[in-house]
Amino acid sequence: RMHKNSEGYPDQTQGDAINGVRREERQRALERKHGYSRGQKIVVEAKVREDQGSRRMIAKKKITYTVKQLFPYCILLEDKHGIRICPSYTRLEAMIRGSEED
């Protein structure tokens, strides 16, 4: 539905502001539901391929991600290099548990 200003003309700014508030409310509701918040640091252990000369090895490395955004079924994370991943909440819990086994 298009919002109109006092003269009856379409007012996109008002619609954008209202939608921005709704988007923020949804984001905060997801943060409460899943227990994560934007800007939070999450450390997970991941298997990474490393080339050492002629040998290729798979090593476990701790990677710190920053929570960027929450969605209904997944969470957007970004590492220090700007690489983003979007695991489901279930997958993220498994990734975190994997880092706590050592």
Side-chain angles (χ1 to χ4, degrees):
R1 175 176 162 291
M2 178 62 73
H3 295 276
K4 298 187 186 282
N5 65 14
S6 61
E7 295 174 356
Y9 291 104
D11 186 359
Q12 186 63 40
T13 307
Q14 182 183 6
D16 289 348
I18 290 170
N19 289 335
V21 169
R22 286 187 186 130
R23 195 170 20 257
E24 183 64 26
E25 287 172 353
R26 279 194 306 270
Q27 193 66 206
R28 288 193 180 153
L30 286 168
E31 288 178 355
R32 283 191 303 275
K33 178 181 178 183
H34 296 289
Y36 298 104
S37 57
R38 288 164 289 169
Q40 179 182 347
K41 303 286 186 197
I42 297 176
V43 179
V44 299
E45 193 168 276
K47 292 178 182 171
V48 293
R49 243 185 23 232
E50 290 184 342
D51 295 327
Q52 294 183 341
S54 60
R55 296 186 308 149
R56 273 202 177 138
M57 296 176 51
I58 294 186
K60 287 185 177 181
K61 262 191 173 165
K62 290 191 184 292
I63 301 174
T64 302
Y65 288 102
T66 304
V67 176
K68 288 295 181 181
Q69 195 171 350
L70 289 86
F71 298 99
Y73 302 103
C74 62
I75 182 167
L76 181 63
L77 306 172
E78 184 177 74
D79 72 5
K80 65 181 180 182
H81 304 293
I83 296 172
R84 293 180 168 200
I85 62 171
C86 198
S88 68
Y89 294 101
T90 310
R91 176 78 183 116
L92 177 60
E93 291 300 323
M95 291 165 68
I96 291 171
R97 274 195 310 276
S99 69
E100 293 173 352
E101 289 174 359
D102 293 340

Please confirm whether the backbone N or O of D79 pairs with a side-chain atom of Y65, one donor and one acceptor, at under 3.5 Å?
no

Heavy-atom side-chain proximity of E45 to R97 below 4.5 angstrom:
no

Consider side chain to side chain contact (heavy atoms under 4.5 Å, CB included). Of E25, R26, R32, which one does R28 pass it with?
R32

A side-chain contact here means heavy atoms from C-beta on lying under 4.5 Å apart; do M95 and I85 qualify?
yes

Can you tell me how far apart CD1 (I75) and SG (C86) are? Round to the nearest 0.5 Å.
8.5 Å

Donor-acceptor contact present, side-chain E31 to main-chain R38, <3.5 Å:
yes

Side chain proximity check, L92 to L77, heavy atoms < 4.5 angstrom
yes

S37 side-chain N/O to Q40 backbone N/O, donor-acceptor pair under 3.5 Å
no

Evaluate salt bridge (charged side-chain N to carboxylate O under 4.0 Å, His left out) for D11 paired with K4, printing each intermediate quantity in order.
CA-CA 5 Å; D11 186 359; K4 298 187 186 282; over 6 Å; no

Joint cluster assignment, F71 & V67, ILVMFWY side-chain distance < 4.5 Å
no

Same cluster or not: are L76 and L70 linked, directly or through other Ile, Leu, Val, Met, Phe, Trp or Tyr residues, by side-chain heavy atoms under 4.5 angstrom apart?
no

Indicate yes or no: at least one non-hydrogen side-chain atom of K80 is less than 4.5 angstrom from one of T64.
no

